[in-house]
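Report on the structure given below.
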Amino acid sequence: MQQIFNYIFKNSHKLLFLLLLGISLFLTIQSHSFHRSKVISSANFLTGGVYAQLNRVNEYFHLKVQNEELAKENARLKKLLFNSADSTATFEIDSIKGVPRTDIMVAKVIHNSYNVHENYLTLNKGQADGLETDMGVINSSGIVGIVDKTSKKYATVLSVLNIKSRINAKIKKSNHFGSLVWNGKSTGFVQLIDVPRLAAVRKGDTVVTGGQSVIFPENINIGTIHKIYTDNQTNYYTLDIKLFNDMTSLGHVYILKSADRKEVQELEKTTTGE
């Protein structure tokens, strides 16, 4: 304490000068609007810069949460799209079961293989989240695959880049159907086989899901026709389809749950005698 008093006495002239300078500046700022506006502008500039930097840091640490929220919002929008022909109308509710015809869940790909003939994805959602086998998996660009197996917290997906994959698809412009398969060669291309020769096909035409199954709704994007192969021994085309999706880089995906899937599958089993 004695040292503080000694410092004050020793520097009393300097401290008095600073005090008087501060009072004079305060009175000048208070009595002149120009000076006051300049001080306020300078203070706002400094605090604004600090807040901007803090906001950038805060946004960086919240990117994961924001991405998840965006994925959920996209899922809600896709639900409206799949359940209503009119995008301005609310999605239809099954009056018997009280659930949407097509419900959508969000998951994240935590493992992705694409360099072998039988490729699978692993999702961070499972039975506890409502995932079941034979559910369709898509993202904002198009189809991804079909849920193959599930555990309590995780699920594996049969990728479209799997030689065992077989999905109903059609040429959007002409509605001619075929089966979407993969020949095990390129990660950017799949093949549409069994397309009848009478179909008008052109390079660049869009290929979408056919809707002749309960796994995928109709008209989900797949890709565009890249090459057309003609087999002279059959009446069918084989088409090389360039995928809209980059299957080597997948993040959040959407799992499609059809309210009528099990009912239709059970009915088809009794019809075919399986």
Side-chain angles (χ1 to χ4, degrees), residues 67-68 70-79 81-82 102-127 129-151 153-170 172 178-193 206-226 239-258 261:
N67 285 336
E68 289 177 351
L70 285 172
K72 291 177 182 177
E73 180 64 21
N74 284 336
R76 287 190 287 269
L77 292 174
K78 287 182 181 294
K79 184 188 295 185
L81 178 65
F82 293 151
T102 301
D103 199 3
I104 298 178
M105 294 166 283
V106 181
K108 187 176 182 180
V109 176
I110 59 175
H111 181 261
N112 178 14
S113 73
Y114 47 81
N115 55 358
V116 294
H117 282 174
E118 296 182 12
N119 292 297
Y120 290 87
L121 316 173
T122 304
L123 307 182
N124 67 343
K125 297 291 178 67
Q127 296 168 2
D129 304 287
L131 270 67
E132 300 174 359
T133 58
D134 293 334
M135 286 184 173
V137 181
I138 65 172
N139 67 4
S140 57
S141 298
I143 64 169
V144 172
I146 299 172
V147 175
D148 183 54
K149 291 182 175 60
T150 60
S151 65
K153 295 181 180 180
Y154 301 98
T156 56
V157 175
L158 181 76
S159 170
V160 292
L161 300 183
N162 189 310
I163 58 174
K164 294 181 179 179
S165 175
R166 197 176 185 91
I167 297 170
N168 175 251
K170 69 176 184 178
K172 188 174 183 179
S179 295
L180 196 74
V181 298
W182 187 51
N183 61 12
K185 295 181 179 179
S186 172
T187 59
F189 296 88
V190 292
Q191 289 68 47
L192 186 64
I193 62 173
T206 299
V207 175
V208 296
T209 53
Q212 291 191 0
S213 75
V214 289
I215 295 177
F216 292 103
E218 191 173 9
N219 293 322
I220 295 178
N221 282 334
I222 296 174
T224 57
I225 297 175
H226 180 68
L239 310 177
D240 250 1
I241 310 301
K242 185 177 181 179
L243 291 169
F244 288 131
N245 245 330
D246 179 1
M247 292 298 295
T248 66
S249 178
L250 297 172
H252 285 92
V253 293
Y254 308 110
I255 299 93
L256 310 179
K257 181 178 182 180
S258 170
R261 179 173 60 90

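In this text, all values refer to a predicted model and were calculated from it rather than measured experimentally.
The distance from atom CD1 of I146 to atom CD1 of I138, rounded to the nearest 0.5 Å, is 12.5 Å. One finds the CD1 atom of I255 at 7.0 Å from the NZ atom of K125 (value rounded to the nearest 0.5 Å). With rounding to the nearest 0.5 angstrom, the OG1 atom of T224 is 7.5 Å from the CD1 atom of I241. The distance from the OH atom of Y114 to the CG atom of L161 is 10.5 Å, given to the nearest 0.5 Å. If you take CG on N124 and CG on D129, they are separated by 8.0 Å, rounding to the nearest 0.5 Å. Considering CD of Q127 and NZ of K149, their distance stands at 12.5 Å, rounded to 0.5 Å.
Of all the heavy atoms in L180 and L192, the pair that sits closest is N-CD1, 4.0 Å. Considering all non-hydrogen atoms of both residues, L250 and D246 come closest at CD2-O, 3.7 Å. When all heavy atoms of M105 and G130 are compared, the pair lying nearest together is CE-O, 3.9 Å. Closest approach of W182 to N162, counting heavy atoms only: CE3-N, 3.4 Å. Here the shortest heavy-atom pairing between S165 and S159 reads CB-O, 3.6 Å.
Distance alone, capped at 3.5 Å, places no donor-acceptor pair between the T150 side chain and the E132 backbone. Panel note: side chain Q191, backbone N183; a donor-acceptor pair is recorded below 3.5 Å. Of the possible polar contacts, one joining the N168 side chain to the Q212 backbone as a donor-acceptor pair under 3.5 Å is found. In terms of modelled atom types and a separation under 3.5 Å, the side chain of N245 and the main chain of I143 share a donor-acceptor contact.
Residues passing the side-chain hydrogen bond (donor to acceptor under 3.5 Å, both in side chains) test with S113, sequence neighbours excluded: N119. When the ring pair (Phe, Tyr, Trp, His ring centres under 6.0 Å) test is applied to H117, no partner is found at least two apart in sequence or on another chain. With sequence neighbours excluded, the residues forming a ring pair (Phe, Tyr, Trp, His ring centres under 6.0 Å) with F189 are H226, listed by chain and number.
Looking at D148, T156, V144, V147 one by one, the single match for side-chain contact (heavy atoms from CB on, under 4.5 Å) with L121 turns out to be V144.
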Legend entry - Steps toward side-chain contact (heavy atoms from CB on, under 4.5 Å) verdict (M247, V160): CA-CA 9 Å; M247 292 298 295; V160 292; 3.8 Å; yes

Inset, instruction - Walk me through it: do L131 and Y154 pass the test side-chain contact (heavy atoms from CB on, under 4.5 Å)? - result: CA-CA 9 Å; L131 270 67; Y154 301 98; over 6 Å; no

Inset, instruction - Mind running side-chain contact (heavy atoms from CB on, under 4.5 Å) on L256 and I104 for me, showing each step along the way? - result: CA-CA 5 Å; L256 310 179; I104 298 178; 3.9 Å; yes

Inset, instruction - Quick one: do T209 and I222 satisfy side-chain contact (heavy atoms from CB on, under 4.5 Å)? Show the steps, please. - result: CA-CA 7 Å; T209 53; I222 296 174; 4.2 Å; yes

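Looking at Y120 and L158, their side chains come closer than 4.5 Å, going by heavy atoms from C-beta outward. You'll find the side chain of N139 stays beyond 4.5 Å of the side chain of H252, heavy atoms only.
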